[in-house]
Peer 1: 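Okay, here's the structure, questions in a sec.
FYI, side chains are in, hydrogens and waters are out, and symmetry mates aren't considered; it's all heavy atoms of this structure. Each chain gets a letter, A, B and so on, in the order its sequence line appears, and its residues count up from 1.
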Protein chains: 2
Amino acid sequence: MKKLLTISTQDYLKHIYELTEHNAPASTNTLAARLKVRPASVTGMIQKLANEKPALVEYQKHQGVTLTKEGRRAALEVIRHHRLLETWLVQTLGYSWDEVHEEAERLEHVISEDFEQRVAEALGHPLRDPHGELIPTANLEMPLEDATPLSTLRKNQRGTIVSVRDADADLLRYLERLGLIPNTHIEAIDYSPFDHNLTIKVGEQTRVLGLSVTNKILIKED
Amino acid sequence: MKKLLTISTQDYLKHIYELTEHNAPASTNTLAARLKVRPASVTGMIQKLANEKPALVEYQKHQGVTLTKEGRRAALEVIRHHRLLETWLVQTLGYSWDEVHEEAERLEHVISEDFEQRVAEALGHPLRDPHGELIPTANLEMPLEDATPLSTLRKNQRGTIVSVRDADADLLRYLERLGLIPNTHIEAIDYSPFDHNLTIKVGEQTRVLGLSVTNKILIKED
DNA sequence: AACTTTATTTAGCCTTACCTAAATCAATTT
DNA sequence: AAATTGATTTAGGTAAGGCTAAATAAAGTT
Ligand SMILES: [Mn+2]
Ligand SMILES: [Mn+2]
Ligand SMILES: [Mn+2]
Ligand SMILES: [Mn+2]
């Protein structure tokens, strides 16, 4: 029953998941950019995934792509591997949060279910990875995220950083230097509606963050 | 300067190394059997490896194959990864010695040099893996093995088990059940020159081992 | 409505690493 | 020396997963 998926297939499904997480199908071009592949290659792969049985994606020409139930399970499997691996690499080998992603990106495709289980066990079944992102459960369900983007915080509101999207190592190093890591308390002290710049206080420091940054940080109001 | 090798290439080189370790070139058929691939495929791959520049193998039609200096380095790189990974999986995730091999077989190809170094560090730069096999050094030299096959032990000689070839999980489970693991002291109490059976004493137990087993165990006389 | 631009798909190729079947080589036997 | 056998190589395919260039569709403009 279980087909074994190639590394490429797993990467396609993972990226489709991330792009369609907040509904809205993923476009060929966006996927191509994420996967660092040409749009024509994406079309080809998507067609194949749609014709698998059971189908892994739902696809209508020119309308973008979404995951089927099977596709979503496969995507969550990879994401669970990725996030458990990141957590483990940080905890046992002293990786920093800007270094783990790349390593996990390759390991996620080759570990066994046994390995996954041993790591989960060793870590005490963590809920979030080092970037604060939720780890899918062992039965492949994604827990509900109740945090909101930092970009929604307004003057005089306070919050605690929950997570940061982990794609860009440079951004992560930058944020760490500013002290903007999970569990940090912050307070909005100004917001500029024209450029969407948000001025916040972190400890004693004051920082001004643009939308491209505030969109990538999730917080919980407190 | 450094070409990146595919997983297949790495596996070919690793198996060629193991087959040529005690000089004598590796034959197409033997390699095919080890790699679980058809002889024709081996010929094809070997021809490619011989035509790389720099060449990774030395090859003359119908004469078998050996590694060049570059090929040997590449092979030792993979073997170092494999053995460090085995050691680490056993120590940090509680794998047993018959389980680690398969997992390491896949991980060995995807870890970074950074990962390798962190693991080596975390383990205190171990000299041998859980099967007692020597781990190539960080600068890719294989330490000299001064242990000898158990098959050379004769009546009334005593020795300590140094290592066991790790290929076959069933054999490993069998040996563990008999208490035949690294650092165990044994004594030869009989040898039959006709069938090469060796009778040994392990603790209080007496065991009779065939040549196919005694050849896979290395000991140091004491 | 016609035109232009951008997004997407199709068509045709390439590389890697496998396979099977047929051909050839090398080592034994007779 | 000839014939047989086993090992190895060659020839011709296949399946993945990329690529470029050309064709088409959709969306935005005049
Ligand atoms: Mn990946
Ligand atoms: Mn899993
Ligand atoms: Mn391998
Ligand atoms: Mn290495």
Peer 1: Has B/Tyr59 got a side-chain N or O lying under 4.0 Å from the OP1 or OP2 atom of D/dT8?
Peer 2: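 No.
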Peer 1: Just how far, in rounded Å, is P of D/dT9 from NE2 of B/His62?
Peer 2: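 Checked: the NE2 to P distance equals 5 Å.
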Peer 1: Expressed as a whole number of angstroms, how long is the span from B/Glu52:CD to C/dT15:C1'?
Peer 2: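 So the CD-C1' distance, B/Glu52 to C/dT15, works out to 13 Å.
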Peer 1: Look at the side-chain N and O atoms of A/Lys61 and state whether any lies under 4.0 Å from the OP1 or OP2 oxygen of D/dA26.
Peer 2: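 Answer is no, no contact under 4.0 Å.
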Peer 1: Cut-off 3.5 Å, side chains only: do B/Glu108 and B/His82 have a donor facing an acceptor?
Peer 2: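 Short answer, yes.
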Peer 1: When you measure from the side chain of A/Arg80 to the backbone N and O of A/Pro136, does any donor-acceptor pair fall under 3.5 Å?
Peer 2: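 At least one qualifying donor-acceptor pair exists.
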Peer 1: Under a 3.5 Å threshold, yes or no: a donor from one side chain and an acceptor from the other, between A/Ser96 and A/Asp98?
Peer 2: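 Present: a donor and an acceptor within the cut-off.
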Peer 1: Side chains of A/Ser192 and A/Asn197: donor-acceptor distance under 3.5 Å anywhere?
Peer 2: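 There is no such pair (donor and acceptor under 3.5 Å, judged by atom type) between the side chains of A/Ser192 and A/Asn197.
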Peer 1: Please give, in whole Å, the distance from D/dA26 P to A/Gln63 CD?
Peer 2: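 Distance, rounded to whole Å: 7 Å.
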Peer 1: Tell me whether the centres of the aromatic rings in B/Trp88 and B/Phe115 are closer together than 6.0 Å.
Peer 2: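 Yes.
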Peer 1: Taking the six-membered ring of B/Tyr95 as reference, does the NZ or CZ atom of A/Arg118 fall below 6.0 Å from its centre and within a 45° cone about the axis?
Peer 2: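 So A/Arg118 does make the cation-pi contact.
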Peer 1: Below the 4.0 Å mark, does C/dT16 have OP1 or OP2 next to a side-chain nitrogen or oxygen of B/Ser8?
Peer 2: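 The answer is no; no side-chain N or O of B/Ser8 sits under 4.0 Å from OP1 or OP2.
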Peer 1: In whole angstrom, give the distance that lies between atom CG of A/Leu49 and atom P of D/dA16.
Peer 2: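 Between P of D/dA16 and CG of A/Leu49: 12 Å.
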Peer 1: Quick check on the 6.0 Å ring-centre criterion: do B/His101 and B/His131 meet it?
Peer 2: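 Aromatic pair excluded; centres sit 6.0 Å or further apart.
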Peer 1: Does A/Tyr12 make a side-chain N or O approach to OP1 or OP2 of D/dG18 shorter than 4.0 Å?
Peer 2: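 For D/dG18, OP1 or OP2 has a side-chain N or O of A/Tyr12 closer than 4.0 Å.
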Peer 1: For DNA chain C, determine which residues of residues 23-43 of chain B have any heavy atom closer than 4.0 angstrom to one of its atoms, and list them numerically.
Peer 2: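 Under 4.0 Å from DNA chain C: B/Val37, B/Arg38, B/Ala40, B/Ser41.
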Peer 1: Can you tell me how far P of D/dT10 sits from CD1 of B/Ile46, to the nearest Å?
Peer 2: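 The answer, rounded to whole Å, is 12 Å.
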Peer 1: In whole angstroms, how far is the C1' atom of D/dG18 from the CD1 atom of A/Ile7?
Peer 2: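 Computing the A/Ile7:CD1 to D/dG18:C1' distance gives 15 Å.
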Peer 1: Round to a whole Å and report the spacing from NZ of B/Lys48 to P of D/dT9.
Peer 2: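 Value for this atom pair: 16 Å.
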Peer 1: Write down the distance between CD (B/Gln47) and C1' (C/dC18), rounded to a whole number of angstrom.
Peer 2: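 So the two atoms are 15 Å apart, to the nearest Å.
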